[in-house]
Structures are given as C-alpha cells and as structure tokens.
A.B. asks: 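Provided herewith is a single structure, encoded as structure tokens, for subsequent inquiry.
Numbers restart at 1 for each chain; the letters A, B, ... are given by sequence-line order, proteins then strands. Note: hydrogens, waters and symmetry copies are ignored here, and every other heavy atom, side chains too, is used. Everything numeric in this text was worked out from a predicted model, so none of it was measured.
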There are 2 protein chains.
Amino acid sequence: MTSVEEPARPRGRIRDAARTRAEILDVATREFARAGYDGARVDEIAARTRTTKRMIYYYFGGKQQLFTAVLERAYGVIRDAEQQLDVDHLDPVAAIRRLAELTFDHHEQHPDFIRLVSIENIHEAEHIAASGKLTAIGSPALDVIRRILAAGQESGLFTADVDAVDLHAMISSFCFFRVANRHTFGALFGRDLTDPARREHYRAMLGDMVIAYLTADRAED
Amino acid sequence: MTSVEEPARPRGRIRDAARTRAEILDVATREFARAGYDGARVDEIAARTRTTKRMIYYYFGGKQQLFTAVLERAYGVIRDAEQQLDVDHLDPVAAIRRLAELTFDHHEQHPDFIRLVSIENIHEAEHIAASGKLTAIGSPALDVIRRILAAGQESGLFTADVDAVDLHAMISSFCFFRVANRHTFGALFGRDLTDPARREHYRAMLGDMVIAYLTADRAED
DNA sequence: TAGCTAACGTACTGGTTCGTACATTAGAGC
DNA sequence: GCTCTAATGTACGAACCAGTACGTTAGCTA
C-alpha cells in the first residue's frame with residue numbers, strides 16, 4: 001500500500017488536496033483493518049493524520065464512503081500486483097505452482113487487506129455493492145489461470161473440467177485461511193500457521209495440493 | 001406509601017435462571033454474528049429477549065464476557081458434532097473423503113459460527129485467550145484425522161509426512177472460505193459459492209482435492 | 001408463614017462518537 | 001495586489017450506548 005511520507009513540515013499550513021486525501025486513506029486503512037468497521041473511530045483516524053476530522057467529511061462524505069474508498073484502493077493494489085504476474089513462459093505445471101506461490105506471498109505480505117476483506121464479508125459486501133468501481137471487475141489473476149488451465153488441459157497434463165474461478169477459489173482459500181484465521185487456529189490447536197519457520201512448508205503444501213488436484217486420475221466411483 | 005397507581009404487571013412472571021441465561025446466549029449469538037462485536041448492541045440483545053439488559057450484566061458481567069460465553073457455546077456445539085464422527089469402518093480414502101464432506105456440511109449449516117470465528121480473528125482471538133475453557137482444547141476431528149492418516153500411511157495408500165493439523169487446516173480452509181467470503185467473492189467474480197445448485201460440485205471438489213493431495217506421487221524437483 | 005435471597009425490573013448517567021455550523025486562509029487566476 | 005474559492009480549522013451538538021444505582025418479587029426453606 002502506498003504511503004504518504006512527509007518531509008520536515010515547514011511552519012504554516014500547506015494545502016495539498018491530493019496529499020491530504022491520500023494521507024486520510026492510509027490512516028483509515030490501518031484503523032479499519034485494526035478495529036473493523038464499527039470498531040474504527042473517525043476521531044482516531046483524524047488524530048493520526050496531520051489534518052482534522054472535518055477533512056474526512058470534506059473529501060469522503062462520511063464513514064461509510066471512507067470505508068468504501070479504503071476498499072477500492074486496497075483492491076486496486078491487489079489488482080496492480082496481479083497485473084505484474086508473468087508465468088506464461090513456464091510449462092502449465094510450473095506456471096500454476098508459481099501462481100499459487102505468488103498468491104501465497106501476496107496474502108502473507110498484506111494482512112491488512114485480508115482483514116479488510118473479512119470485515120467486508122461480515123457486512124455482506126455492502127460497501128462493494130455501493131461502490132460501482134468494484135462490482136464484477138474480475139481479476140488479472142483469473143485471466144492468467146484461464147490461460148494456464150487451457151494450456152494444461154489441451155496438452156493432457158491437467159484433468160479436464162476444472163474451472164478457472166473454482167481453482168482461484170481453491171488457491172485463495174488456503175492462502176486466506178492461513179492469514180485470516182491464524183489467531184483462532186493458533187489458540188485452539190497451538191500452531192501458528194504464519195510462523196516463518198513453517199512458511200516454506202505451507203507454501204510447498206499449497207503448490208503440491210493444487211498440482212495433485214489438477215493432475216490426478218479422477219477415480220470414478 | 002405508594003400514592004401513584006401501580007402499572008399493571010405482566011402476571012405470572014416465571015423465574016428460571018437457566019432458561020433466561022440460555023435465551024440471552026441464543027439472542028446474543030445471533031446479534032454478534034449479525035453485526036460483529038462492536039456493531040452488536042447490548043440493548044438490542046436485551047430487547048429481543050423476554051428479559052432486560054440488567055440480566056445480561058447479572059449473568060455475564062458485561063459485553064466482553066457475553067461474547068466470550070457465546071464463543072464457548074458455539075465451539076461446544078462444533079465439538080459435540082465432531083464427537084459424532086464415525087468413519088473408522090471405512091478404508092482410509094473413503095474415510096478422509098467422508099470426513100471432508102462432513103466438515104463441508106457442517107460449515108454450510110452453521111454460517112453464524114463461521115461469522116463468529118471471523119469476528120474473533122479480527123479481535124486476534126482475545127476472547128478465546130480470556131476464556132480458559134477454549135485454549136488448546138484440540139478437536140475430536142483432529143483425532144479422527146490422525147487415525148485415518150496413520151492407517152493410510154501405514155498401508156502405503158497415502159504419501160508419508162502429512163501432518164494431521166495441516167490436513168485439518170487444508171480441509172477447513174476450503175469449507176471456511178466458501179462460506180465466510182461468499183459475499184465479496186460473489187460481488188467480485190459474479191459467482192455465488194454457496195449456490196445450492198453448485199453445492200455437490202464444491203463438495204466433490206473438496207474431496208477430490210484432499211484425496212489427490214494425499215495419494216499423489218510427490219515429484220522431486 | 002415468615003424470612004431470605006436469587007432473580008428480576010426501571011430509570012438513569014456519563015462518556016463517547018458521528019456529524020456539522022461556522023469561521024478562516026492559502027494560493028491560483030486575473 | 002486583489003479577488004475568489006478550494007481547502008482547512010474550531011467548537012459544538014445530538015444521539016447513542018455500555019454500564020449501574022436502586023427498588024421489587026418469586027419462590028424456596030426453616
């Protein structure tokens with residue numbers, strides 16, 4: 001997530017609409033991710049910026065719209081990262097594993113995003129629905145999966161009849177759960193899923209799982 | 001002494017501590033699952049019971065402890081259900097598939113529980129930590145997985161070196177994500193993961209995935 | 001049946017929190 | 001330099017909300 005760094009502040013008010021707006025978004029992202037929508041405090045967000053609460057209402061209109069703007073930017077960051085995906089030079093098996101690993105890495109590196117998604121699901125995606133920018137935008141990762149799947153299925157390496165959206169859900173499930181539910185899972189089973197010492201283990205496990213699923217002889221029963 | 005008219009009291013107030021407590025827990029479960037911890041309103045919970053807010057504080061002490069009690073009961077229900085698991089008469093492959101399917105069914109049938117878990121993770125499992133009843137209790141499902149894995153590995157059907165906790169995480173990931181993130185996933189990809197028409201499809205997909213993972217020849221690379 | 005207490009109800013409070021009315025000023029354009 | 005407005009700051013209000021002080025009663029037990 002882009003962050004707004006300020007150089008040593010000269011005395012006197014500096015007017016910079018874009019910077020003020022971006023700074024509010026940065027702080028709001030952290031606050032909403034920390035405490036959830038209802039737990040987040042508009043006053044707290046304001047206090048952590050160099051501006052005042054008044055500006056939040058000036059630029060965003062209200063708490064709801066601020067959260068929507070936070071989601072829009074957070075999804076935008078993911079989208080941009082996915083656009084950098086480059087696995088087309090690999091064979092289908094290696095390409096899928098690489099894609100899964102990059103998804104894994106991305107989830108691990110953006111726990112705040114994971115929290116925002118969890119929070120938005122508690123609210124039944126009402127802010128996404130209200131956004132207009134975010135409905136049914138698809139994702140670049142999905143296009144990549146489609147291409148790899150098509151290649152793998154055509155060459156006979158992959159079992160036919162696997163859908164790209166479903167495979168994306170499968171990969172995301174594992175990556176998301178590991179980060180999102182690490183606290184309850186850790187408390188209940190005494191295992192920290194995000195322990196750096198086990199990072200490679202889970203990263204490999206995800207790749208093995210996806211490849212095994214795609215290349216298995218589906219037994220008829 | 002009393003010069004004002006007594007308002008007509010509802011006749012036949014029945015005192016039943018256990019019932020009152022249970023009713024508060026029921027309503028609180030729904031309210032917390034609906035709105036999250038901070039979004040939930042103690043007044044709202046009280047209004048939906050036949051008793052008053054005073055009783056919530058009388059029996060539970062406060063909002064925090066009430067939420068903890070809600071979690072304790074919710075996890076208790078899961079635990080009880082897992083205790084009913086009976087797959088020992090099946091061969092390892094069938095047993096694991098059956099276990100995965102039962103996990104799948106259970107997640108689908110208890111969306112409120114899924115929401116509570118999401119909410120508790122936003123709060124970094126602080127209520128579980130405060131509970132005492134819930135820390136490191138393990139789960140009956142885990143014992144079942146351990147037995148099946150041992151049998152499958154000994155007979156050579158399953159790849160060695162798969163850990164029971166990890167496998168539990170893998171199965172839970174898929175089931176949890178499908179229910180917990182259905183709103184954002186649906187909004188972004190236009191696919192309802194909990195559409196009844198696709199239920200069997202995802203149920204089979206989970207089983208296929210787990211079996212493929214457990215029975216794959218792990219390629220050395 | 002008197003007395004005791006667990007169980008319950010009413011009414012309120014103090015702090016919090018989203019939002020806004022109103023005042024002010026930096027700096028672009030002329 | 002003057003003007004105009006986008007950008008900003010201050011102070012406050014009204015609603016909300018967790019929690020409580022205090023009073024009442026059902027129903028058990030001696």
A.B. asks: Answer with yes or no whether the side chains of A/Glu120 and B/His183 bring together a donor and an acceptor at under 3.5 Å.
C.D. replies: no
A.B. asks: With sequence neighbours left out, what residues match B/His107 under ring-ring contact (aromatic ring centres under 6.0 Å, His included)?
C.D. replies: none
A.B. asks: Would you kindly give the CZ-to-C1' distance between A/Arg19 and D/dA7, to the nearest whole Å?
C.D. replies: 12 Å
A.B. asks: Send over the distance from B/Phe32 CZ to D/dA18 C1', rounded to a whole Å.
C.D. replies: 11 Å
A.B. asks: Scan B/Tyr59 against the nucleic acid and name what it touches under 4.0 Å (heavy atoms): base, sugar-phosphate only, or nothing.
C.D. replies: sugar-phosphate
A.B. asks: Rounding to an integer number of Å, can you tell me how far B/Ile56 CD1 sits from C/dG9 C1'?
C.D. replies: 13 Å
A.B. asks: How long is the gap from CE on A/Met170 to CZ on B/Arg178, to the nearest 0.5 Å?
C.D. replies: 13.0 Å
A.B. asks: Rounded to the nearest Å, what distance is computed from the OH atom of residue B/Tyr58 to the P atom of nucleotide D/dT24?
C.D. replies: 18 Å
A.B. asks: Can you give one letter per nucleotide of nucleotides 17-22 of chain C, going 5' to 3': B for a protein heavy atom under 4.0 Å from the base, S for sugar-phosphate only, - for none?
C.D. replies: SBBBBB
A.B. asks: CZ/B/Phe174 to CZ/A/Phe177 distance, rounded to the nearest 0.5 angstrom?
C.D. replies: 13.5 Å
A.B. asks: Could you check whether B/Tyr75 and B/Phe113 have their ring centres less than 6.0 Å apart?
C.D. replies: yes
A.B. asks: Within this structure, what is the CE-to-P distance between A/Met55 and C/dA23, rounded to whole angstrom?
C.D. replies: 16 Å
A.B. asks: Measure CZ/A/Arg50 against P/D/dT8 and give the value in whole Å, please.
C.D. replies: 11 Å
